[in-house]
Visitor: 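Quick one: structure below, then a few questions.
Residues: numbered from 1 along the sequence shown. Only a predicted model underlies this, so the values are computations on that prediction, with no experimental measurement involved.
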Amino acid sequence: MQQTILSDDTVPNFTELFHDSPLAIYTCDKNGYINFFNRSAAELWNNTPEVGKTRWCGSWKIYHPDGKLMALDECPMALTLKQERSFGGSEIIIERPDHTFRTLLVFPKPIFNTAGVLTGAHNTMVDITSQKKQEEKQSILSAIVESSDDAIISKNLNGIITSWNKGAQKIFGYTEDEIIGKSVYVLIPYELQAEENVIITNIKAGKKIDHFQTVRLTKSGKKINISLTVSPVKDMYGNITGASKIARDITDQLQKEQALKQGAQRLEILNSIGKDIAGNLDTGYILQKVTDAATQITTAAFGVFFYNSTGENGEASMLSATAGIPKETFGKIGTTSFDELFGGKKIIKADNIANAVGYGKNNTHFGILNAQLPVVSYLAVPVTGSSGKVLGGLFLGHPEPCVFTTEHDELVMNIASVASVALDNSKLFDEVKALNNRKDEFIALASHELKTPVTTIKGYLQILQQNETGKLGQLFLEKSLRQVNKLTSLISDLLDVSKIEAGKLQLNYETFDLHALMLDIIETIHYSNSTHTIILDAAPAQALIEADKQRIEQAVVNLLTNAIKYSPGADKVFVSLASTANGTTINVKDNGIGLTEEQQQHIFTRFYRADGNSNISGLGLGLYLTKEIIDRHHGQIFVKSEMGKGSEFSFFIPSGKPAPLP
Ligand code: ADP
C-alpha cells in the first residue's frame, strides 16, 4: 500500500503549498479532527471549520450517490481512519449548512508516522456537481430521443447520417447499423432530391426549417408523407457541423384529414341539394339536381335518373335526367316497371359488370348499357313514392372497375330518399294544380251559362213591371228584380274571377272625375238601401284620374256595400276623398263588426270569409276582385280594423295611366 510518510507527528509544514491550490484539501488527526484545510475546501463546504475542534464530517450531512443518507461511520474518511487504507475515488453528496448540495469525488488517504502508526488522514475533494448535472441532462435527452415515436436523425454537412434513433428505425425501416454512414439521399424519392440542396443551404446559413411537409422513402420503397423539422447543429465553438432532423410520419393524419374534408364536402352537397329541391316543385328540376349531385358525390363518370310520371289526365310517361352524358343518349323511352327491375332490392351494385350475375343475358337491369356506354362499375338505387311503389331509379356508371364504395351506397340511398320526398311533393302539387285548373274552367263555364238565362229573366221582369198596375204585383216584381240583380252581380263576380285567372281582365282607361263618380254611387246606393246613410266627410271639388271607370266604380261599390253589410247595428257609413299630385285616396269607414288581425291577413284572398258572419250572405269574392282591380291600376289597398268597433278600407289610385309592363 502506498503511504504518505512524514518526518514526525506534527502538522505537515507544506501548508503554504496547498493553501492556494484549486483542489479542495484538508487533513485531520487520527480522531478525525480537522487540523488543516485550504481555501478551496472552505469554499466547497461553504463553511470554515475550527481547526482541532471540527471533525471531518463538520456540520454537513453526507449522502450516497443514489441520494440515501450515509451513516457517518460509512463515510470514506471514517473508513480510511478505521481501516487505515485509502478509499480514493469515492463519490458522495454533501448537504452544506445552507442546505445546498454538492457532488464530490473524494480521495481520503491515511497518514502514518515513521513508525508506521496512523496519525491522521488527508483528503482531496473534487467538485463534480456540474458534470453530474450535465450527465443527467444528457441521459434524459438520450432517453427522450430513444423513446420518441418521431424519427430523430443527425447528419453532417455532406448529408451523411451520423445518428439514428428507434423512431427513425420504425418509420423508415433501416436499423442504426444499416444506415449510419450512408447518405441521406437514400431516404429521398428521386423526384424530390433537389430538396436536400435547399435544406443544406438553409442549414449552412444557420436557418431552421420548420414543419416542412414532404414525401420520403422507406427501406421497402414505400412513399410516406412526413413533416420535417431540420435545425443546424453547432460545435463548442459555434461552427455549424451538421443538422438534426425530426421527421414525423403524417400519412395517417393526412388521410384522416382528407377523409374528414371529403365527408364534410359530401354532407354539404347532401344538405344543399336537400334544401334546394325541398322547396322546389318542378319535377324536371328535381330530377336534374339529384342526378348531378349523385354523380358528383360518387365520382361516377355518368348518371341517369329514370322516373315514371303521371300527367294531368293520368297518362304515364318516362322522364329522365342525365349527368356526364347528353340526354339524347337514351332517346325516347316508355315507362318501365321499376318494382320489377329492382325486385325489392335497396341497391344494385357491380364492381365489374362483366362478372355480375345476369350480364349479357338480356337483363333489363343493365339496360343502361343499351346506350353503349362504357360501363364497368355500376350502382343503381330505387326511388320510391309515398305509396311504396318504386317510381324510378338512379343509375350511376364508370368505365373503371371498383369505383363505388360502401360509403357511396349510403350517400346515394340518402339522395334517393330526399329525391322521393321532393318528387312526391311535386306530384302532389301537379295534382292540386290540375284540380285547380278544372275548378277555374268550371267557374268560367258555369258563370257564362248562368248569365244568359238570368239576363232573359231580368228582361221579362222589366217588361212585366211596365205593364203591371196592381200594387201587390208591382211589389213582387220589384222584389224579384232586386234578387235577379243580386244574382247578376254574383255571376259577374264569378266571371271576373275566371277572367283574372285566365289573365283576360282588360282595363279601359279614361280620364274622369272620381268625386263626381262617388256622388253618383252614393246616390244609387241610397236609392236601393234604406238602412244606412252614406256621409261624404271630405272631398276636393274635383279629383281627375286616368283609370277604368267601370272597374273603379266596382271597387268603390264593393267597399260601400261591405261597410253596410258588415255593420248591421249601425246606420252610417263614412266616406272621404283626398287628392294629391300623385293620386287620389278613397276611404270607407264603418262602425261594424270589425276584423281580427289574423282575418285582416286573409280577406283579400278569393273565397275567404271571416268566421262569425255566416248569417250575412256572400261568396268571398268582392275584396279579392277589388284588390285585383287596384293592383292592376298600380294602386294600393289598405285595411284598418278592430273587432267589434268597425273597419276602415282605403285605396290609392295613381293619377296618370301607368306605363305598360315590359
Ligand atoms: P263577401 O262579402 O262576399 O263575403 P268580400 O270579399 O267582400 O266577400 O269580403 C270578404 C270577407 O271580408 C267577408 O266575408 C267579411 O268577413 C270580411 N269583410 C269585408 N268587409 C268587411 C267590413 N267592412 N267589416 C267587417 N268584415 C268585412
Visitor: Sequence neighbours left out, what pairs pass salt bridge (Lys or Arg N to Asp or Glu O under 4.0 Å) with at least one residue falling in residues 270-284?
Guide: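 Applying salt bridge (Lys or Arg N to Asp or Glu O under 4.0 Å) to every pair that reaches into residues 270-284, excluding sequence neighbours, yields Asp276-Lys289.
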Visitor: Counting only heavy atoms not in Phe442 (residues, nucleotides, ligands), do more than 12 fall under 6.0 Å from its CZ?
Guide: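 Result for CZ/Phe442: open.
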Visitor: Return the CD1 to CD1 distance between Ile637 and Ile653, rounded to the nearest 0.5 Å.
Guide: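 Separation between the atoms: 9.0 Å.
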Visitor: Taking only residues two or more places apart in sequence or in another chain, which ones pass side chain to side chain donor-acceptor pair (under 3.5 Å) with Thr561?
Guide: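 Per chain and number, Thr561 pairs via side chain to side chain donor-acceptor pair (under 3.5 Å) with no residue.
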Visitor: Test: side-chain hydrogen bond (donor to acceptor under 3.5 Å, both in side chains). Region: residues 511-537. Which pairs qualify, not counting sequence neighbours?
Guide: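 Every pair satisfying side-chain hydrogen bond (donor to acceptor under 3.5 Å, both in side chains) with a residue in residues 511-537: Asn529-Thr531, His532-Ser567.
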Visitor: Suppose the criterion is salt bridge (Lys or Arg N to Asp or Glu O under 4.0 Å): which pairs have a residue in residues 613-628, not counting sequence neighbours?
Guide: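 Non-adjacent pairs meeting salt bridge (Lys or Arg N to Asp or Glu O under 4.0 Å): Lys627-Asp631, Glu628-Arg632.
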Visitor: Looking only at side chains, do Thr585 and Ser650 share a donor and an acceptor under 3.5 Å apart?
Guide: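 Their side chains do not contain a donor-acceptor pair, so the 3.5 Å distance test is not met.
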Visitor: Scan residues 260-273 for pairs that pass salt bridge (Lys or Arg N to Asp or Glu O under 4.0 Å), counting only residues two or more places apart or in two chains.
Guide: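 Passing the test, one end in residues 260-273: Arg266-Glu407.
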Visitor: With sequence neighbours left out, which residue pairs that include part of residues 560-581 fulfil the salt bridge (Lys or Arg N to Asp or Glu O under 4.0 Å) condition?
Guide: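 Salt bridge (Lys or Arg N to Asp or Glu O under 4.0 Å) check on residues 560-581 returns no pairs.
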Visitor: Listed by chain and number, what are the salt bridge (charged side-chain N to carboxylate O under 4.0 Å, His left out) partners of Lys439, not counting sequence neighbours?
Guide: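 Applying salt bridge (charged side-chain N to carboxylate O under 4.0 Å, His left out) to Lys439 gives none.
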Visitor: Please identify each residue that fulfils salt bridge (charged side-chain N to carboxylate O under 4.0 Å, His left out) with Lys349, with sequence neighbours left out.
Guide: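 Here the qualifying residues are Asp409.
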Visitor: Applying side-chain hydrogen bond (donor to acceptor under 3.5 Å, both in side chains) as the test, list every pair that has at least one member in residues 290-300; sequence neighbours left out.
Guide: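 Qualifying pairs: Gln288-Asp292.
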Visitor: Taking distance alone, no hydrogens or angles, what donor-acceptor pairs closer than 3.5 Å link side-chain atoms of residues 587-597 to residues at least two apart or in another chain?
Guide:
unit_1, atom_1, unit_2, atom_2, d
Asn587, ND2, Glu648, OE2, 2.9
Asp590, OD1, Gly592, N, 2.8
Asp590, OD1, Ser647, N, 3.1
Thr596, OG1, Gln599, N, 3.0
Thr596, OG1, Gln599, OE1, 3.4

Visitor: Scan residues 452-468 for pairs that pass side-chain hydrogen bond (donor to acceptor under 3.5 Å, both in side chains), counting only residues two or more places apart or in two chains.
Guide: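 Only Lys458-Asn485 qualify under side-chain hydrogen bond (donor to acceptor under 3.5 Å, both in side chains).
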Visitor: Which pairs with one or both residues in residues 574-623 pass ring pair (Phe, Tyr, Trp, His ring centres under 6.0 Å), sequence neighbours excluded?
Guide: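 Checked against ring pair (Phe, Tyr, Trp, His ring centres under 6.0 Å) - neighbours excluded - the pairs reaching residues 574-623 are His602-Tyr608.
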Visitor: Check Arg482 with Glu478, please: is the shortest side-chain N to carboxylate O separation under 4.0 Å?
Guide: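 Salt bridge present between Glu478 and Arg482.
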